[in-house]
Enquirer: 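Take this structure, written in structure tokens, and hold onto it; I'll ask about it next.
Note that the numbering runs from 1 along the sequence shown for the chain. Source: prediction; values computed, not measured.
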Amino acid sequence: MQEKLNRPIRVLVAKVGLDGHDRGAKVIATALRDAGMEVIYTGLRQTPDMVVSAALQEDVDAIGISILSGAHMTVFPRVVALMKEKGMDDVLLTGGGIIPDDDMKQLNSLGVGKLFAPGTPTNEIATYIKSWVQENRS
């Protein structure tokens with residue numbers, strides 16, 4: 001338990017579905033690493049099951065999903081359901097991409113953390129993750 005409190009924040013960055021554009025995800029992964037976090041990047045074409053399984057294996061504090069395909073209203077609820085099933089209540093689910101504001105609000109109400117639009121400064125994302133983990137790390 002004490003080790004978990006002192007170790008760096010671990011973040012899994014994932015691209016779910018058939019979306020083949022991963023430049024943004026790689027930029028975010030690099031920025032989070034530069035902010036002192038341990039980052040696991042899953043690569044392209046992951047399923048929600050693969051993402052949650054990897055997050056469990058890596059004992060992450062946060063999962064960040066980059067999604068540009070328009071499938072956010074399918075992907076995020078599925079990941080939330082899998083996380084609840086696995087008892088991952090102390091893991092932040094966040095992400096970003098092309099997600100309309102109304103959809104962001106609906107996803108937030110399901111338990112998804114803050115979602116970021118393209119062009120968000122990377123330090124804003126890193127600060128959000130750090131603050132959330134400090135408040136919620138058990």
Enquirer: Just how far is it from atom NZ of Lys15 to atom OG of Ser69, taken to the nearest 0.5 Å?
Expert: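 These two atoms lie 7.5 Å from each other.
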Enquirer: Please report the C-alpha distance between Thr47 and Val16 in whole Å, then the side-chain angles of each, then the deciding distance to 0.1 Å, and finally whether the side-chain contact (heavy atoms from CB on, under 4.5 Å) criterion is met.
Expert: CA-CA 6 Å; Thr47 66; Val16 178; 5.8 Å; no
Enquirer: Under 3.5 Å, side-chain donor or acceptor atoms of residues 70-87 against the rest of the protein: list the pairs with distances, not counting sequence neighbours.
Expert:
unit_1, atom_1, unit_2, atom_2, d
His72, NE2, Asp103, OD2, 2.7
Arg78, NH2, Asp49, OD1, 3.4

Enquirer: Listing request: all ring pair (Phe, Tyr, Trp, His ring centres under 6.0 Å) pairs with a residue in residues 82-120, at least two apart in sequence or in separate chains.
Expert: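 Found Phe116-Tyr128.
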Enquirer: Give the table of side-chain donor-acceptor pairs shorter than 3.5 Å for residues 32-41, with sequence neighbours excluded, one pair per line with atom names and distance.
Expert:
unit_1, atom_1, unit_2, atom_2, d
Glu38, OE1, Arg10, NE, 2.8
Tyr41, OH, Asp22, OD2, 3.1

Enquirer: Testing the basics here: between Gly96 and Leu115, what is the closest heavy-atom pair and its distance to 0.1 Å?
Expert: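 Closest approach of Gly96 to Leu115, heavy atoms only: N-CD2, 4.4 Å.
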Enquirer: Restricting to pairs with a member in residues 43-65, which pass ring pair (Phe, Tyr, Trp, His ring centres under 6.0 Å), not counting sequence neighbours?
Expert: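 Checked against ring pair (Phe, Tyr, Trp, His ring centres under 6.0 Å) - neighbours excluded - no pair reaches residues 43-65.
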Enquirer: For Leu12 versus Ala54, what's the shortest heavy-atom pair and its separation?
Expert: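 Shortest heavy-atom separation between Leu12 and Ala54 comes out as CD1-CB, 3.9 Å.
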Enquirer: Which residues pass the salt bridge (charged side-chain N to carboxylate O under 4.0 Å, His left out) test with Lys114, sequence neighbours left out?
Expert: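 Per chain and number, Lys114 pairs via salt bridge (charged side-chain N to carboxylate O under 4.0 Å, His left out) with Glu124.
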Enquirer: Do Val11 and Glu58 make a side-chain contact, defined as non-hydrogen atoms from C-beta onward lying under 4.5 Å apart?
Expert: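 Val11 does not reach Glu58 side chain to side chain.
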Enquirer: Is there a side-chain contact (heavy atoms from CB on, under 4.5 Å) between Val112 and Gln106? Walk through the geometry before answering.
Expert: CA-CA 9 Å; Val112 178; Gln106 193 174 341; over 6 Å; no
Enquirer: Membership question, hydrophobic clusters at under 4.5 Å side-chain separation (ILVMFWY): are Leu93 and Met50 in the same one?
Expert: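 Met50 does not cluster with Leu93.
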Enquirer: Is any side-chain heavy atom of Ile9 less than 4.5 Å from a side-chain heavy atom of Val133?
Expert: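 In short, these two side chains touch, coming nearer than 4.5 Å.
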Enquirer: Running the 4.5 Å side-chain criterion over Ile, Leu, Val, Met, Phe, Trp and Tyr, what cluster does Ile98 land in, apart from itself?
Expert: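 Via sub-4.5 Å side-chain contacts, Ile98 links to Leu68.
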Enquirer: Hey, what do you get for CD (Glu135) to CG (Leu92), rounding to the nearest 0.5 Å?
Expert: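 Glu135 CD to Leu92 CG: 11.0 Å, rounded to 0.5 Å.
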Enquirer: Tracing side-chain links under 4.5 Å among I, L, V, M, F, W and Y, which residues wind up in one group with Val27?
Expert: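 The other cluster members (ILVMFWY side chains, heavy atoms under 4.5 Å, direct or chained): none.
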Enquirer: With heavy-atom distances below 4.5 Å as the criterion, would you say the side chains of Asp61 and Val91 are in contact?
Expert: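 Contact flag for Asp61/Val91 side chains = no.
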Enquirer: Show every salt bridge (charged side-chain N to carboxylate O under 4.0 Å, His left out) that has at least one partner inside residues 91-100, sequence neighbours left out.
Expert: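 Qualifying pairs, neighbours excluded: none.
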Enquirer: Show, in sequence, the C-alpha distance, side-chain angles and deciding distance for Thr122 and Ile28, and conclude whether the side-chain contact (heavy atoms from CB on, under 4.5 Å) test is met.
Expert: CA-CA 6 Å; Thr122 55; Ile28 296 300; 3.9 Å; yes
Enquirer: I need the minimum non-hydrogen distance between Ile63 and Ala55, along with the two atoms involved.
Expert: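 The answer is CD1-CB, 3.6 Å.
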